[in-house]
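Here is the structure we will look at, set down as structure tokens.
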Protein chains: 2
Amino acid sequence: MEFKEAKNKFVQTWGALGSQWGINKTMAQIHALLMISNQAVSMEDIMEELQISRGNASMNLRALMDWGIVYKEYKAGERREFFTAEKDLDELAVKIARERSKREIKPALKILKEVSSIESKDSAEEKHFVDQTSKLYDFVLKADNMLDKMTEFNENWLGRLVLKIMK
Amino acid sequence: MEFKEAKNKFVQTWGALGSQWGINKTMAQIHALLMISNQAVSMEDIMEELQISRGNASMNLRALMDWGIVYKEYKAGERREFFTAEKDLDELAVKIARERSKREIKPALKILKEVSSIESKDSAEEKHFVDQTSKLYDFVLKADNMLDKMTEFNENWLGRLVLKIMK
DNA sequence: TTAAACTTTCAAAAATAAATGAAACTTTAG
DNA sequence: CTAAAGTTTCATTTATTTTTGAAAGTTTAA
């Protein structure tokens with residue numbers, strides 16, 4: 001396999017993986033492209049490589065910057081903007097985890113707390129509902145807090161975590 | 001908030017969370033419904049509660065059973081089939097993790113290994129590609145193995161994991 | 001058997017999500 | 001200033017995913 005083919009395969013795979021996890025394909029592809037580029041890339045180049053429109057490129061770059069995993073860069077004497085990806089994988093994972101927690105887990109937790117707090121516990125059915133949703137709340141909260149711990153762990157948290165688990 | 005409202009809110013929220021994570025809404029909703037039901041539910045009842053077609057119910061129940069998080073049940077003297085969800089959350093998380101690993105992570109790892117093994121490392125660009133994809137391979141492999149460890153941990157792995165991380 | 005009760009399948013329709021591209025907007029060099 | 005270079009926005013179009021529903025398939029009681 002030659003470089004160009006490998007590069008394409010990687011970008012496509014990353015894109016597919018993204019959509020399976022609820023991240024749009026182009027966003028994941030742009031990120032993939034930036035991850036493996038050794039220098040900042042212009043929007044023009046991204047459009048060209050991925051064969052996408054200017055609007056699409058612009059919106060997804062914006063989204064990636066909102067997630068904090070892609071940065072804008074300015075080159076001296078250049079009018080255009082260039083983009084680079086967060087390349088440190090520990091940092092990348094932490095940022096993605098943080099963002100998904102904020103956008104999806106936290107709001108879900110709020111709802112879980114609400115619905116598990118209903119008053120009436122007359123029937124067995126209602127008791128079971130309260131019991132199950134309470135357990136779910138505890139579980140999700142614990143899992144979410146674990147993600148926060150990852151951040152505190154800092155540098156190479158994954159490696160350290162695996163070590164802890166092993167022993 | 002009364003029971004019926006809370007129940008509905010929970011099912012809707014679980015459905016929305018599902019689609020954000022690449023699991024189709026109905027599948028997540030059926031699962032939610034079964035999670036909070038204290039007894040096995042017939043397909044007819046699921047269709048009625050969620051206002052969905054027979055085909056939709058059938059296909060998504062099948063998918064949930066393929067994931068190993070919903071079971072068929074037969075009641076004595078009843079022709080119809082009934083369904084129940086895996087209600088143990090540790091078990092649920094492990095099964096979901098296992099399934100996603102098998103379906104998505106493992107195939108992605110295979111590709112990562114492939115593309116990080118290209119021969120030519122002439123240019124700095126190619127060197128960076130090989131370096132970055134290799135690192136990604138290692139990272140994803142480590143994360144995936146961690147999921148396997150969860151299984152070995154068995155009962156209440158999440159609680160124990162949090163304890164380990166804390167200290 | 002067979003017919004009623006129930007389930008599955010899958011082509012077509014509907015709903016949803018993503019992409020396009022042209023117009024509006026912003027920035028900067030001259 | 002202002003015009004050229006570049007970027008963003010968003011209504012419309014396109015692509016993808018999900019849902020429907022009717023036909024085919026299966027099971028079982030009589």
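This structure is a prediction, so every number in the text was calculated from the model and none was measured. The figures that follow rest on heavy atoms only: side chains count, while hydrogens, waters and symmetry mates do not. In what follows, every chain begins at residue 1, and chains take the letters A, B, ... in the order their sequences are listed.
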Please tabulate the protein-to-nucleotide N/O contacts below 3.5 Å involving nucleotides 27-30 of chain D, giving atom names and distances.
from, atom 1, to, atom 2, distance (Å)
D:dT27, O2, B:Arg79, NH2, 2.4

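- At whole-Å resolution of the value, CE in A:Met47 and P in C:dA18 are 20 Å apart.
- Annotation for B:Glu119: atom CD does not count as buried by contact number, only 12 or fewer foreign heavy atoms lying within 6.0 Å.
- Per the geometry, NZ belonging to B:Lys72 stands 14 Å off P belonging to C:dC6, to the nearest Å.
- For B:Lys95, there are no salt bridge (charged side-chain N to carboxylate O under 4.0 Å, His left out) partners two or more places apart in sequence or in a different chain.
- More than 12 heavy atoms of other residues, nucleotides or ligands shown are found within 6.0 angstrom of NZ on A:Lys106.
- Taking atom CZ of A:Phe82 as the reference point, atom P of D:dA5 lies 16 Å away to the nearest angstrom.
- Between atom NZ of residue B:Lys25 and atom CD1 of residue B:Ile52 there is a gap of 10.0 Å, rounded to the nearest 0.5 Å.
- Going from atom CG of A:Leu64 over to atom P of C:dA18 covers 13 Å, rounded to whole Å.
- Atom pair B:Gln20:CD and C:dA18:P shows a separation of 12 Å (rounding to whole Å applied).
- Salt-bridge check for B:Glu2 with B:Lys4: failed, with every basic side-chain N at 4.0 Å or more from each acidic carboxylate O.
- In this structure, the CE atom of B:Met43 is 6 Å from the P atom of C:dT8, given to the nearest Å.
- Residue contacts shown for B:Glu44 are absent, as no nucleic acid heavy atom lies under 4.0 Å away.
- What separates CZ of A:Arg62 from C1' of C:dC25 is a distance of 13 Å, to the nearest Å.
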Give the B/S/- string for nucleotides 18-25 of chain D, one per nucleotide from 5' to 3', where a protein heavy atom under 4.0 Å of the base yields B, of only the sugar-phosphate yields S, and otherwise -. SSBB----
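- Of the charged side-chain nitrogens involved, none lies within less than 4.0 Å of a carboxylate oxygen, so that A:Asp138 and A:Lys142 do not count as a salt-bridged pair.
- The residue among A:Phe83 and A:Ser19 whose nearest nucleotide of DNA chain D lies closer to the 5′ end is A:Phe83.
- Within the model, atoms CZ of A:Phe83 and NZ of A:Lys72 stand 5.5 Å from one another, a figure rounded to the nearest 0.5 Å.
- Regarding B:Tyr74, its OH atom lies at a distance of 10 Å from the C1' atom of C:dT7, rounded to whole Å.
- Residue A:Glu48 places its CD atom among 12 or fewer non-hydrogen atoms of other residues, nucleotides or ligands, all under 6.0 Å distant.
- Between B:Phe129 and A:Phe10, the angle of the ring planes goes over 60°, which puts this pair in the perpendicular group of the 30/60° scheme.
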